[in-house]
There are 2 protein chains.
Amino acid sequence: MATQTAAQRREAAKAAYDAFLACCPARQLLDTISDKWVTLILAALSDGPKRYSELSRIIAGVSQKMLTQSLRTLERDGLVSRTVTPRVPVRVDYELTTLGRGLQEIMGTMKRWAERNIEEVHAARAAYDTRENSPAGRAAAG
Amino acid sequence: MATQTAAQRREAAKAAYDAFLACCPARQLLDTISDKWVTLILAALSDGPKRYSELSRIIAGVSQKMLTQSLRTLERDGLVSRTVTPRVPVRVDYELTTLGRGLQEIMGTMKRWAERNIEEVHAARAAYDTRENSPAGRAAAG
DNA sequence: CTGAATCCGTGGCGATACTG
DNA sequence: CAGTATCGCCACGGATTCAG
């Protein structure tokens, strides 16, 4: 019998859960597109290839580090392609792959749902924030 | 004109971008569902209402803090409803709202896409990781 | 022009202890 | 049972600097 069932069992369950999540395709997808810069890069590339400096200018608020890092991840995942043209100042173009365009369609679906339902969410937030100050609001009915 | 065009212009652009993103419905949606625990809670509630302790047990790896915090956010956004039954030990049930079920459908769409395409992503990663060690791989064609 | 490497501040998250 | 409050860690992102 384990001397420390409580803490250790919980830890084991957590580890199992993490392992499950690490393998979960949906989780991996979310980890990708939940990145702020990734979504902006995909959007910026939606109307054709762009150079590194173009992306940097279009996305504006992004740091070099995050732009490069995000592009690397996207390239590694096969969502964008990277083309180097070795001129005097080197030129690098990034372009969506077929897989990347497929991902954009998913994001388009999400975008449409969000735009249809965001007002309801905002209304719910407003109602919640109002209710939190009134005492009887959160009491329940038996 | 401005003595510090470079840094300040960049800062202004960043602020404008942040403001835009703060209003972007798709961004808000992603901020919600990109949360690890939120997705698990929504999944756990997909087959009917659950009590706080049930959720805590089902999700296993979650801390009380994050479970409560995530549930509060979901409630505030109108995605789950919270019902308090004031017995001797208080009882609280959480249930998906109509809006929450709508969100689940979106997540189902994402899940299906992820499962269909995850192998291609993994293949791309494997190819990338292999290529990064070979010298000629990332050199370009002019 | 494109990118790698480094330092460092911030905040999210988990663990713990306490309450009604 | 269902939270709330507090603290510490550390991963993430930004700014900066160096390089090909």
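In what follows, every chain begins at residue 1, and chains take the letters A, B, ... in the order their sequences are listed.
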Answer yes or no: is there an ion pair linking [X] with [Y], defined by an N-O contact shorter than 4.0 Å?
X: B:D129; Y: A:R76; result: yes
X: B:K111; Y: B:E115; result: yes
X: A:D77; Y: B:R125; result: yes

Inset, instruction - Identify which nucleotide among D:dG3, C:dC1, C:dG3 has an atom closest to any side-chain atom of A:V90, counting heavy atoms from C-beta outward. - result: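 For A:V90, the side-chain atoms sit closest to C:dC1.
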Legend entry - Of the listed nucleotides C:dG20, C:dG3, C:dC1, the one nearest the side chain of A:R82: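 It is C:dG3.
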Are [X] and [N] close enough that a side-chain N or O sits under 4.0 Å from OP1 or OP2?
X: A:S53; N: C:dT2; answer: yes
X: B:R51; N: D:dC1; answer: no
X: B:S56; N: D:dA2; answer: no
X: A:Y94; N: C:dC1; answer: no

Report, one pair per line, the protein and nucleotides 6-13 of chain D atoms (nitrogen or oxygen only) whose separation is under 3.5 Å.
| residue | atom | partner | partner atom | Å |
| --- | --- | --- | --- | --- |
| D:dG13 | N7 | A:K65 | NZ | 3.3 |

[atom2] on [Y] to [atom1] on [X], rounded to 0.5 Å:
X: A:R101; Y: A:Q104; atom1: CZ; atom2: CD; answer: 8.5 Å
X: A:Y94; Y: A:L45; atom1: OH; atom2: CG; answer: 10.0 Å
X: A:T32; Y: A:L79; atom1: OG1; atom2: CG; answer: 6.5 Å

Once you round it to whole Å, what is the distance between [atom2] of [N] and [atom1] of [X]?
X: A:L55; N: C:dG3; atom1: CG; atom2: C1'; answer: 14 Å
X: B:D31; N: C:dG12; atom1: CG; atom2: C1'; answer: 14 Å
X: A:R91; N: C:dG3; atom1: CZ; atom2: C1'; answer: 17 Å
X: A:Y52; N: D:dA19; atom1: OH; atom2: C1'; answer: 14 Å
X: B:Q64; N: C:dT16; atom1: CD; atom2: C1'; answer: 10 Å
X: B:K50; N: D:dC1; atom1: NZ; atom2: P; answer: 17 Å
X: A:L71; N: C:dT2; atom1: CG; atom2: P; answer: 11 Å
X: A:I59; N: C:dT2; atom1: CD1; atom2: P; answer: 13 Å

Legend entry - Side-chain heavy-atom pair B:Q28, A:V121 within 4.5 angstrom cut-off: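 When only atoms from C-beta onward are counted, A:V121 and B:Q28 do not touch, as no gap falls below 4.5 Å.
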